[in-house]
Participant: 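For reference, the structure I am asking about is given below.
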Amino acid sequence: MGTRLITVAVVFGTRPDTIKLAPVIKALQQWPDQFNVISIATAQHRQMLDQVLNVFDIVPDFDLDIMLSRQSLEQITARGVERLGKVFVKVKPDIVLVQGDTTTTFLGSLVSFYQHIPVGHVEAGLRTEDRHNPFPEEINRRLTSTLADYHFAPTLTAKRALSAENIPVKRIYVTGNTVIDALRHTVDNDYVFKDKQLEEIAARVRRGRYRLILITTHRRENWGEPMRAACRAIRRLAESTEGDKVIFAFPVHLNPVVRDVVYGELKKVAGVHLIAPLQYHDFVNLMNLSYLVLTDSGGIQEEAPSLGKPVLVMRRVTERPEAVLAGTVKLVGLDEEMIFRSAFRLLSSRTEYLCMASAVNPYGDGKASGRIVEALRYEFGLRLRRPGEFHGSDAFTGRGVRCR
Ligand code: UD1
Ligand code: UDP
């Protein structure tokens with residue numbers, strides 16, 4: 001065993017990849033005599049990235065500051081590739097870690113390949129098999145899998161998908177999803193919101209008088225009419241439940257393309273609170289208080305099931321089938337009528353609701369980042385035996401109602 005430090009460059013840039021890499025950075029930092037951890041933010045997001053960095057107390061060693069308002073995919077890629085290339089030349093990483101499916105993920109792995117640096121892909125192997133859905137994430141993931149050397153698959157399903165693409169099994173580690181590591185440290189049943197409006201919403205829910213519906217949307221393939229239809233469904237839902245003590249909290253993504261639609265459709269609807277993107281602790285603790293989640297987000301599809309919150313996913317297809325199979329998540333597409341009816345049913349039928357509201361943990365047990373670090377130690381000869389893997393758990397810890 002050598003004594004040289006392994007330089008691990010961790011590349012992130014948006015809200016979700018940073019939330020999911022924060023626990024990995026922390027876990028690597030537990031081994032200062034083995035790893036030199038360099039954090040590199042492309043800053044594909046700016047304010048939403050800074051919120052995450054603040055909460056997890058991460059100060060990037062390099063901040064490439066690439067975000068432009070209404071940026072195109074080409075702009076993110078061109079600016080990111082060039083600036084990242086220069087940083088890698090300076091840092092000379094032994095390995096680069098990227099996470100998930102954003103354009104930052106893809107360009108981090110592309111530049112590593114150009115400079116002959118091995119890549120570890122966290123959250124590898126999620127697939128919809130539809131190259132345009134989600135867009136461009138399905139292709140970002142596939143390209144990253146092609147470029148990566150080590151594949152940290154969150155679930156067995158993801159491992160199977162990679163293996164079907166001829167990725168050598170010995171290069172795949174099933175780790176669980178690091179989002180659950182972050183969540184476990186953050187959800188607190190006694191959480192107090194510093195923001196007055198949030199604390200008021202929380203107080204009404206805690207007193208048991210109100211049901212909270214938490215909503216997010218941002219996906220590129222849903223821009224325009226699909227997102228408008230989703231908003232119309234939410235407006236109808238708010239109008240049909242007026243007086244029924246239902247509150248809608250909708251932290252709106254900072255993308256102006258999203259904001260134009262959401263504010264245009266929902267600004268004046270009674271009971272619907274359009275709010276700024278929440279810092280992570282506020283968001284997951286609000287989710288913990290919610291009755292139902294409506295979203296097109298990837299990460300939220302993983303978090304909500306482990307809190308036993310039913311999720312209606314406003315997408316045509318998902319790369320996260322596990323919670324759908326477990327019954328906590330339902331794909332409702334972007335059809336106004338379908339979204340409205342599905343949500344309305346969950347508000348009016350207790351039986352339907354309980355069928356979905358069981359906590360399941362198919363995505364992780366809170367130990368994913370530790371497993372990733374052990375896999376790296378093994379690959380770099382710092383431990384002798386291949387580490388154990390995440391086996392998943394579909395243990396129902398909720399009210400015990402299974403409906404299929
Ligand atoms: C990106 C990712 C998507 C991920 C999402 C998480 C790509 C192509 N897309 O999508 O996979 O699900 O992040 O949120 O990688 N903006 C701000 N401030 C911010 C963040 C965004 O003003 O802090 C605005 C800017 O005008 C920016 C626009 O939002 O140009 C879009 O940001 P971008 O990263 O291109 O796409 P997202 O839709 O956020
Ligand atoms: N999130 C947050 N504040 C918000 C909305 C979401 O911190 O106002 C967190 C959420 O808990 C999850 C992640 O952001 O961990 C999901 O990010 P997003 O939906 O932007 O991206 P996706 O997961 O779809 O790529």
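Counting starts at 1 for both ligands and their atoms, following the listed order. The first residue in the sequence is number 1, and the count goes up from there.
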Participant: Heavy-atom distances under 4.0 Å are what count here, so tell me which part of His218 touches ligand 2: side chain, backbone, both or neither.
Facilitator: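 For His218, the contact with ligand 2 is made by the side chain alone.
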Participant: At what distance is the nearest protein heavy atom to atom 5 (C) of ligand 1, and which residue and atom is it?
Facilitator: His218 NE2, 3.6 Å
Participant: Enumerate the atoms of ligand 1 whose separation from the nearest heavy atom of Leu73 is less than 4.0 angstrom.
Facilitator: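 Listed by number with element: 8 (C).
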Participant: Can you sort out which atoms of ligand 1 are near Ile76, meaning under 4.0 Å from one of its heavy atoms?
Facilitator: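 With Ile76 as reference, the close atoms of ligand 1 come out as 35 (O).
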Participant: Among all protein non-hydrogen atoms, which one is nearest to atom 39 (O) of ligand 1, and what is the separation to 0.1 Å?
Facilitator: His45 NE2, 2.6 Å
Participant: State whether Glu337 and Arg232 are salt-bridged, where the test is any N-O pair (Lys NZ or Arg NE/NH1/NH2 against Asp/Glu carboxylate O) under 4.0 Å.
Facilitator: no
Participant: Is the closest heavy atom of Arg219 to ligand 2 under 4.0 Å?
Facilitator: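 It does; at least one heavy atom falls under 4.0 Å.
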Participant: Nearest non-hydrogen atom to atom 29 (O) of ligand 1 belongs to which of Leu107, Asn255, Asp17?
Facilitator: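 The residue whose heavy atom sits nearest atom 29 (O) of ligand 1 is Asn255.
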Participant: Can you name the atoms of ligand 1, numbered from 1 with element, that are less than 4.0 Å from a heavy atom of Glu137?
Facilitator: 3 (C), 9 (N), 11 (O)
Participant: Side chain, backbone, both or neither: which part of Glu303 comes within less than 4.0 Å of ligand 2 when only heavy atoms are counted?
Facilitator: side chain
Participant: Taking 4.0 Å as the limit for heavy-atom contacts, which would you say applies to Leu68 with ligand 1: side chain only, backbone only, both, or neither?
Facilitator: backbone
Participant: Just to confirm my output: which protein heavy-atom neighbour is closest to atom 8 (O) of ligand 2, and how far is it?
Facilitator: Leu278 N, 2.8 Å
Participant: Which atoms form the tightest heavy-atom contact between Leu286 and Leu278, and what is the distance?
Facilitator: CD2-CD1, 3.8 Å
Participant: Of the backbone atoms (N, CA, C, O) and the side-chain heavy atoms from C-beta on, which set of Pro251 has a member under 4.0 Å from an atom of ligand 2: side chain, backbone, both, or neither?
Facilitator: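 Answer for Pro251: side chain.
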Participant: Starting from atom 22 (P) of ligand 2, what is the nearest protein heavy atom, named by residue and atom, and what distance separates them?
Facilitator: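 Nearest neighbour among protein heavy atoms for atom 22 (P) of ligand 2, to 0.1 Å: Gly298 N, 3.6 Å.
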Participant: So if I count the atoms of ligand 1 from 1 in the order they appear, which ones are less than 4.0 Å from some heavy atom of Arg46?
Facilitator: 19 (C), 23 (O)
Participant: Is Ser297 touching ligand 1 with its side chain, its backbone, both, or neither, if touching means heavy atoms under 4.0 Å apart?
Facilitator: neither
Participant: Taking only heavy atoms of Thr102, which atoms of ligand 1 are found under 4.0 Å from at least one of them?
Facilitator: 11 (O), 15 (O)
Participant: Does ligand 2 come near enough to Arg15 that some N or O of the ligand is less than 3.5 Å from an N or O of the residue?
Facilitator: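 There is such a contact, yes.
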Participant: Would you confirm whether Glu199, through its side chain, and Phe193, through its main-chain N or O, come within 3.5 Å as a donor-acceptor pair?
Facilitator: yes
Participant: So which heavy atom in the protein is nearest atom 23 (O) of ligand 1, and how far is it from that ligand atom?
Facilitator: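 Checking every protein heavy atom, the shortest distance to atom 23 (O) of ligand 1 gives Met48 N, 2.8 Å.
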Participant: Closest non-hydrogen protein atom to atom 25 (O) of ligand 2, residue and atom name please, with distance?
Facilitator: Pro16 CG, 3.4 Å
Participant: For atom 26 (O) of ligand 1, find the nearest protein heavy atom and state the residue, atom name and distance (0.1 Å precision).
Facilitator: Arg70 N, 2.9 Å
Participant: Using a 4.0 Å heavy-atom threshold (strictly under), name the region of Ile19 that reaches ligand 2: side chain, backbone, both or neither.
Facilitator: side chain
Participant: In ligand 1, which numbered atoms sit nearer than 4.0 Å to a non-hydrogen atom of Pro256?
Facilitator: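 Answer for ligand 1: 24 (C), 26 (O).
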